[in-house]
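Every heavy atom of this structure was used, including side-chain atoms; hydrogens, water molecules and symmetry mates were not.
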Amino acid sequence: MSGPLVMVEDALAADLEAIAALNNAAVPNVNALTPDEMAAIAAMGALRITRTAGAVSGLVLTIPEGRPYDSANYRWFSGQFDIFLYVDRVVVAPEARGLGVGRALYMDTFARTQSLGRPRVCAEVNVEPPNPGSMAFHAAMGFNVLLDRYNESAGKTVRMMERPV
């Protein structure tokens, strides 16, 4: 990979407004969250970010098994696997796409998953409404398709995927 090295770091409380704005610009591929909602979910797991020219340019929010997270997709994975790290969302700013931000966020996630002793990363991507860019990206990152399911609470069809680490 050419270009500058993309560094991934823990999000800071001071970043929450920018993180929520980046997240909310990606709706309907992710659901909208306030900074407080983002912080509450992140407290169950980890919120990692990248910066480009000093601004938040990417984020990944992960949650391990056994947390009280009220998400139908998270509950589905909890019913399938005893031990995992769930990617609740991964978002890259449009101006940072193609710079290796998404890949850096996932490589960081895979390394953290392994260091936490978890055998797999779980994620889902929208089938309806379609998100073909994310679908192709997850395939390129080595995710295996488990099945497509309708998430009634979100009104979306999602593709459930996992990647062994």
### Task
Identify which one of Val90, Thr50, Val91 satisfies the side-chain contact (heavy atoms from CB on, under 4.5 Å) criterion when paired with Val101.
Thr50
### Message
So Val127 and Met135, do their side chains get closer than 4.5 Å, heavy atoms only?
### Response
yes
### Arg89 backbone acceptor or donor facing Asn23 side chain under 3.5 Å
no
### Task
Indicate, with yes or no, if Tyr74 and Leu147 share a hydrophobic cluster defined by side-chain heavy-atom contacts under 4.5 Å among Ile, Leu, Val, Met, Phe, Trp and Tyr.
yes
### Query
Is it the case that one hydrophobic cluster holds both Val60 and Met44, taking links as side-chain heavy atoms less than 4.5 Å apart, direct or via other members?
no
### Message
Checking Asn151 against Asn73 for the side-chain contact (heavy atoms from CB on, under 4.5 Å) test, could you report, in this order, the C-alpha distance in whole Å, the side-chain angles of both residues, the deciding distance, and whether it holds?
### Response
CA-CA 7 Å; Asn151 180 336; Asn73 295 324; 3.2 Å; yes
### Task
Taking all non-hydrogen atoms of both residues into account, name the closest pair between Ala32 and Asn24 and its distance.
CA-OD1, 3.1 Å
### Task
Answer yes or no: are there more than 12 heavy-atom neighbours, outside Glu9 itself, under 6.0 Å from its atom CD?
yes
### Task
Kindly indicate whether the side chain of Phe137, heavy atoms from C-beta on, has any atom under 4.5 Å from the side chain of Val92.
no
### Nearest heavy-atom neighbours spanning Ala46 and Arg112
CB-NH1, 3.6 Å
### Query
When rounded to the nearest 0.5 angstrom, what is the spacing between CD1 in Ile49 and CE in Met7?
12.0 Å
### Query
Does some side-chain heavy atom of Pro129 sit less than 4.5 Å from a side-chain heavy atom of Lys156?
yes
### Query
Counting N and O atoms only, with roles assigned by atom type, does the side chain of Gln114 sit under 3.5 Å from a partner on the main chain of Ala111, one being a donor and the other an acceptor?
no
### Query
With a 4.5 Å heavy-atom cut-off, do Val165 and Arg118 have their side chains touching?
no
### Query
Any side-chain heavy atom of Glu65 within less than 4.5 Å of one from Asp82?
no
### Message
Any non-hydrogen side-chain atom of Glu128 less than 4.5 Å from a side-chain atom of Asn126?
### Response
no
### Message
Under 4.5 Å between side-chain heavy atoms, counting indirect links through other Ile/Leu/Val/Met/Phe/Trp/Tyr residues: same cluster for Ile41 and Val56 or not?
### Response
yes
### Query
How about Asp15 and Leu12: do any of their side-chain heavy atoms sit closer than 4.5 Å?
yes
### Query
Hey, any chance Leu59 and Leu33 share a hydrophobic cluster, counting ILVMFWY side chains that come within less than 4.5 Å of each other, even indirectly?
yes
### Task
Measure the acute angle between the ring planes of Phe81 and Phe77, then classify it against the limits of 30° and 60° as parallel, tilted or perpendicular.
parallel
### Query
How about Tyr106 and Phe143: are their ring centroids closer than 6.0 Å?
yes
### Query
Where is the tightest heavy-atom contact between Leu16 and Ala39, given as atom of each residue plus distance?
CD1-CB, 3.7 Å
### Residue pair Thr62, Thr109: steps toward the side chain to side chain donor-acceptor pair (under 3.5 Å) verdict
CA-CA 8 Å; Thr62 58; Thr109 297; 5.6 Å; no
### Query
Is there a side-chain contact (heavy atoms from CB on, under 4.5 Å) between Phe84 and Ser78 once you walk through the steps?
CA-CA 8 Å; Phe84 61 91; Ser78 295; 3.6 Å; yes
### Task
Considering non-hydrogen atoms only, spot the tightest contact between Tyr150 and Gly155 and give its length.
OH-CA, 3.4 Å
### Message
Determine whether Glu162 and Gln80 satisfy the following criterion, side-chain contact (heavy atoms from CB on, under 4.5 Å), listing intermediate values before the conclusion.
### Response
CA-CA 11 Å; Glu162 65 96 23; Gln80 305 304 307; over 6 Å; no
### Task
Please assess Ser71 against Tyr86 for the test side-chain contact (heavy atoms from CB on, under 4.5 Å), listing each intermediate value before the final yes or no.
CA-CA 11 Å; Ser71 157; Tyr86 173 68; 3.9 Å; yes
#### Entry: Residue among Val125, Val121, Val87, Asn144 satisfying side-chain contact (heavy atoms from CB on, under 4.5 Å) with Met161
Val125
### Query
With a 4.5 Å limit on heavy-atom distance, are the side chains of Ile63 and Leu85 in contact?
no
### Query
What are the two closest non-hydrogen atoms of Gly45 and Pro64, and how far apart are they?
CA-CD, 3.9 Å
### Query
How far apart are the closest heavy atoms of Thr52 and Ala96, and which atoms are they?
OG1-CB, 4.3 Å
### Task
Please assess Arg149 against Glu124 for the test salt bridge (Lys or Arg N to Asp or Glu O under 4.0 Å), listing each intermediate value before the final yes or no.
CA-CA 10 Å; Arg149 67 181 282 279; Glu124 81 279 340; over 6 Å; no
### Query
Is the NZ or CZ atom of Arg163 positioned over Phe110's six-membered ring, under 6.0 angstrom from the centre and within 45° of the axis?
yes
